[in-house]
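Below: the structure, in structure tokens.
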Amino acid sequence: MADTFFKYDSVTIEFDGEVAVDSVSFLVNPGEILGVVGESGSGKSTIIKSINGILNSDACIKSGQIIYNDKKLLTLNNREMRRIRGKEIGMIFQDSIGALCPIRTIGNQIVEAIRAHERINKEQARERAFLLLEKFNFRDVNKLWKSYPFELSGGMNQRVGIAMAMLLNPPLLLADEPTSALDEQAAKAVLSELKRMSVENGTSIIMVTHDPQAVREICDHVLVLKNGNVVEQGSVNQVLNNPESDYTKALLDAVPVSRSDEWKISLA
Ligand SMILES: Nc1ncnc2c1ncn2[C@@H]1O[C@H](COP(=O)(O)OP(=O)(O)O)[C@@H](O)[C@H]1O
Ligand SMILES: [Mg+2]
């Protein structure tokens, strides 16, 4: 195994001379889930996109290294990054609709996505997909399978996008606010599948979230960002039960109302 599974090392990223990510460093070990929290504009999405090589062209990476399995990602060319994206480093977007093909059925595109990376037949791919989709609170997976993205709600497309990223079984999965468009029940189902994936398959996950309860439920470590700087980082226990900064305390207090009771109970 590689010496370093994943290391984000003193990375600085600017837009138009404005620093968006300021010498940020963190490590992720195999099977660990890192929660990334911080107010809007603090650099969370920029960090996620830099890992997968999908930053807008106006972004300028000034310094630092991103190391995955001993490979320096920032030195790879487009072709090499394409080979890593999806299969090695998966990505769940906040809004998956853009990641889905509008003119093909959900079933077809899931099967093709799996078969682009693995030598299994269509029936095997379908079976594996059904096992996961059945856990994602769809009323009728058979009907879903034959549907086109435009026939589904935003929340349904989101769950399909999450399932697709997970079905490729990447060792590292990036998720940028994966559950913010989902109702509470669907969000819970998705979070518990992410956790299962990390426990059973050893998948590492970097998850941006607004929801402290989600951090509590599935993350091992937390990184707190403000204006592109790391305010604090550490184990979930340490950061959530004993936050060092007032900024972190304020973030943790900004709990969605519907979940606040649960949040208090789990802190007790
Ligand atoms: N394409 C872009 N062009 C210019 N500035 C950007 C761009 N993307 C992000 N930024 C700036 O970088 C900072 C971090 O943004 P972002 O990473 O999207 O924050 P977050 O995901 O935490 O809300 C913000 O100040 C934002 O305005
Ligand atoms: Mg963002």
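All values below come from the heavy atoms of this structure, side chains included, with hydrogens, waters and symmetry mates left out. Order of appearance sets the numbers: ligands from 1, and atoms from 1 within every ligand.
- When hydrogens are left out, the protein atom nearest atom 18 (O) of ligand 1 is S45 CB, 3.8 Å; that is the closest non-hydrogen contact.
- Using a cutoff of 4.0 Å between basic side-chain nitrogens and carboxylate oxygens, R104 and E112 are not scored as salt-bridged.
- Aromatic ring orientation, F5 versus Y68: perpendicular (interplanar angle above 60°, classes split at 30° and 60°).
- Atoms of ligand 1 found under 4.0 Å from any heavy atom of N56, numbered from 1 in the order shown, are 1 (N).
- Remark: minimum distance from atom 9 (C) of ligand 1 to any protein heavy atom is reached at F15 CE1, 3.5 Å.
- In this structure, R159 forms a cation-pi arrangement with F138, its terminal cationic atom sitting closer than 6.0 Å to the ring centre and no more than 45° off the ring axis.
- Contact atoms of ligand 1 toward A20: 12 (O), 13 (C) (distance under 4.0 Å to a heavy atom of the residue).
- Under the 4.0 Å distance rule, the nearest protein heavy atom to atom 5 (N) of ligand 1 falls inside the cut-off.
- Salt bridge annotation for E118-R128: present, with a cationic side-chain nitrogen under 4.0 angstrom from a carboxylate oxygen.
- There is no protein heavy atom less than 4.0 angstrom from atom 26 (C) of ligand 1.
- In summary, an N, O or S atom of S45 is located under 2.8 Å from the Mg ion (ligand 2).
- Protein heavy atom in closest approach to atom 3 (N) of ligand 1: D58 OD2, 2.9 Å.
- A salt bridge is defined here as a Lys NZ or Arg NE, NH1 or NH2 lying under 4.0 Å from an Asp or Glu carboxylate O, and E80 with R83 fails to meet this definition.
- Salt bridge status for K195 with D220: present, with a side-chain N to carboxylate O gap under 4.0 Å.
- Heavy atoms of T46 found under 4.0 angstrom from ligand 1 belong to the backbone as well as the side chain.
- Using a 4.0 angstrom heavy-atom cutoff, G38 does not count as in contact with ligand 1.
- Between H221 and N237 the shortest side-chain heavy-atom distance does not fall below 4.5 Å.
- Pairing each heavy atom of E39 with each of Y247, the nearest pair is N-OH, 2.9 Å.
- In this structure, atom 23 (O) of ligand 1 lies nearest to the protein heavy atom G41 N, 2.7 Å.
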